[in-house]
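Below: one structure, written as structure tokens.
By convention in this document, chain letters (A, B, ...) are assigned in the order of the sequence lines, proteins followed by strands, and residues within each chain are numbered from 1.
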Number of protein chains: 2
Amino acid sequence: MVSIKDVAKIAGVSIATVSRVFNSPQLVSPRTRAMVYSVAQKLNYIPNYSAKTLRKSIVGSIIVLIPDVSNLFFIDVVHGVQDYAESRDYNVLMGRFNISIFNVEKYFQLVKSKAADGIVLATGHDRVYPKISDAQNVNIVTIEEPYMDNPYVYIDNFKAIKQVIDYLLSKGHRRFGFIGFKSERSRFTAFKKIIKENGIEYDEGLVRLGEETAEDMPESARIYIKNLVEKKKIPDAIVCASDVLAAGAIKWLIKSGLRVPEDVSVTGFDGIDIVNLVTPSITTVDQPRHRMGMEAAKILINKIEGKDFDEKVRLPTRLIIGESA
Amino acid sequence: MVSIKDVAKIAGVSIATVSRVFNSPQLVSPRTRAMVYSVAQKLNYIPNYSAKTLRKSIVGSIIVLIPDVSNLFFIDVVHGVQDYAESRDYNVLMGRFNISIFNVEKYFQLVKSKAADGIVLATGHDRVYPKISDAQNVNIVTIEEPYMDNPYVYIDNFKAIKQVIDYLLSKGHRRFGFIGFKSERSRFTAFKKIIKENGIEYDEGLVRLGEETAEDMPESARIYIKNLVEKKKIPDAIVCASDVLAAGAIKWLIKSGLRVPEDVSVTGFDGIDIVNLVTPSITTVDQPRHRMGMEAAKILINKIEGKDFDEKVRLPTRLIIGESA
DNA sequence: AGTGTGAATGTAAATGTTTTCATTATCGTA
DNA sequence: TACGATAATGAAAACATTTACATTCACACT
């Protein structure tokens, strides 16, 4: 490996000068600068990352942790984190954790060992939190829900669900089903509250809460629809807490001989690409996924660099009208 | 930051001993070991990653580069890389490159600067290759197609497409359409060759090659179907080079009043989750995406550590019978 | 001539490890 | 008791940087 020493020796200057050529060129005379630069080029010199980060306190890389890689919602968030990080010259390490495996700690260790500067934790699972024993001195930004005193980026689930239900009410629907997650309760809570506010009685039999992984969702939707069909208790409209759930529900409704939206309306949540790939296309709540990632990364990097940062950022959602409702 | 020095001082031993407690405990007497360990625990000591990797030559982290994060095929590959890397105690940095932006070089720099040990390059775009000026001394494993003399993991596209066409022929189809990518030609080449071998004439008008990003695919499928419908030239079966293309084709066929598979059969390629979310479910070629990532990571890490590794690994595909053909 | 200023460069310390080599302690065996 | 082998530990070099501080030099001004 060619080091700064080799460059210095051949260029006939001190290593300090070589370092300056790369880090603060304005401190070096144009002549030496050009000379050192050409020697470095010729030797194919590239500064060693470990040595650099050992000396400086900031590493220049952040971690983004998502629960489920096969869920496009999170992928879009990662995308956003990457885009912003890139603009600030940071690398992004992507990790994932299984709700069962809880290997979140490992990533905390990585930050503590200064392999990375901080973490964007993209999740709403409160169940993950208690397992994190020691999150002191670790820069964290969460998405969806706050975690301890850390800054976070979120959307207004209540408002979003209200928008959905108002839309469904305007279409004349009166009997509402809901399918969501055990781990994410705020959309479910919003659903219950809002239908009650509209004088509609809440029917436990029209509701199901399942697991949140992309693998489990279609199965959860299948069971839900199967139960409704068997009990011959078909709601006018089914509100789903994610697009994948909605796609699954639509699929099984059609398989059961029901028409969407003529017999049953279905709405999704997230706004990922599949809403336009299925037939009928899904009416859904568009979350600014990419932007959520960008904002989270922005807060994190500002915090890392000791700059001002927002304690919390709320981003707007938008109802996308498809053909499924 | 608490360093190895602090631990050594408080434990009353040398820093060498502390280092040994963590790296080769069998060299340290049980007594000292336990003592040092408890001091380290109390002080919350975590070895500094940069210092460690500066001293050792292996960093313990690899990069996986994919062209398009919103394509679930690549995400599954990344998943595989991560799973294998984890088993060998490596971290994974995920990068993506846009066909237009070509920021691949950046990741090569990262390896050259010893921020990572090597790269899994998951792509079939030969167009990327020429842009990589200097790939010497960088450990690379590619997926799908070879790049220079580097090892790679691949599938037999010809055999896979043959399996698809044989299946369609067995269902009595005789007029074949194809929709694929400008950048990935081997499936297209296989398609042309195989239908000719079966005495079917190749019709340029039933073929379309578009861009490969997940964003562009549905649009490409829409245009393709629109053209067919306008020209009233509807094939018996449409072979698609990806599942997303197939989903798009199905969607627009249905919108045009055609039934799938009654009027037109459609097949996909990849085997990603959406094949079961759309109606009808897609008949497709299942690629061992996760395993492809695993194998690539295995080759790479073996190469990094100077162990024996396979120069190329071919993995089997499998026809999944759905409802779309 | 002497002094002060600022630019350009160099010296050396500091960052936190791992590991080679040397030293000391322990213990069994002759 | 002495010796050798082995186990346990320490001292210090090496890894490749950045940067505080020191030095040198040219030049302008008194």
Less than 4.0 Å between a side-chain N and a carboxylate O, is that true for Lys303(B) and Asp117(B)?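 No salt bridge links Asp117(B) with Lys303(B).
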Salt-bridge present (Glu211(B), Lys182(B); N to O < 4.0 Å):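 Yes, Glu211(B) and Lys182(B) are salt-bridged.
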Could you state the atom-to-atom distance from [atom1] of [X] to [atom2] of [N] in whole Å?
| X | N | atom1 | atom2 | value |
| --- | --- | --- | --- | --- |
| Lys9(A) | dG10(C) | NZ | P | 15 Å |
| Lys52(B) | dT17(C) | NZ | C1' | 9 Å |
| Asn48(B) | dA14(C) | CG | C1' | 13 Å |
| Leu43(A) | dA16(D) | CG | C1' | 15 Å |
| Lys56(B) | dA14(D) | NZ | C1' | 15 Å |
| Lys5(A) | dT17(D) | NZ | C1' | 11 Å |
| Ile58(A) | dT15(C) | CD1 | P | 17 Å |
| Arg31(B) | dA7(D) | CZ | C1' | 15 Å |

Counting side-chain heavy atoms from CB outward, which of [options] is closest to [X]?
| X | options | answer |
| --- | --- | --- |
| Ile4(A) | dT17(D), dA11(D), dG16(C) | dT17(D) |
| Ile15(A) | dG10(D), dT9(C), dA12(C) | dA12(C) |
| Val28(A) | dT19(C), dT17(D), dT9(C) | dT9(C) |

I want to check one thing: is the phosphate of [N], taken as OP1 and OP2, less than 4.0 Å away from some side-chain N or O of [X]?
| X | N | result |
| --- | --- | --- |
| Ser14(B) | dG10(D) | yes |
| Thr17(A) | dG10(C) | yes |
| Ser29(A) | dT9(C) | yes |

Between Asn71(B) and Arg96(B), do the side chains contain a donor N or O and an acceptor N or O under 3.5 Å apart?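 No pair is found: no donor N or O on one side chain lies under 3.5 Å from an acceptor on the other.
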Do Glu144(A) and Thr142(A) have a side chain donor and acceptor closer than 3.5 Å?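 Judged by distance alone, the side chains do not pair up.
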If you pin Phe22(A) and Leu27(B) to their nearest nucleotides in DNA chain D, which one's is more 5'?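 Its nucleotide being nearer the 5' end, the pick is Leu27(B).
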How is [X] classified with respect to the nucleic acid when contacts are heavy atoms under 4.0 Å: base, sugar-phosphate, or nothing?
| X | value |
| --- | --- |
| Tyr45(A) | sugar-phosphate |
| Ser19(A) | base |
| Thr32(A) | sugar-phosphate |

Check whether more than 12 heavy atoms from other residues, nucleotides or ligands sit under 6.0 Å from atom NZ of Lys298(B), and answer yes or no.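 Counting other residues, nucleotides and ligands, NZ of Lys298(B) stays at 12 neighbours or fewer.
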Nearest-nucleotide wise, let me know which of Arg20(A) and Ala51(B) is further upstream toward the 5' end of DNA chain C.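 Nearest nucleotide further toward 5': that of Arg20(A).
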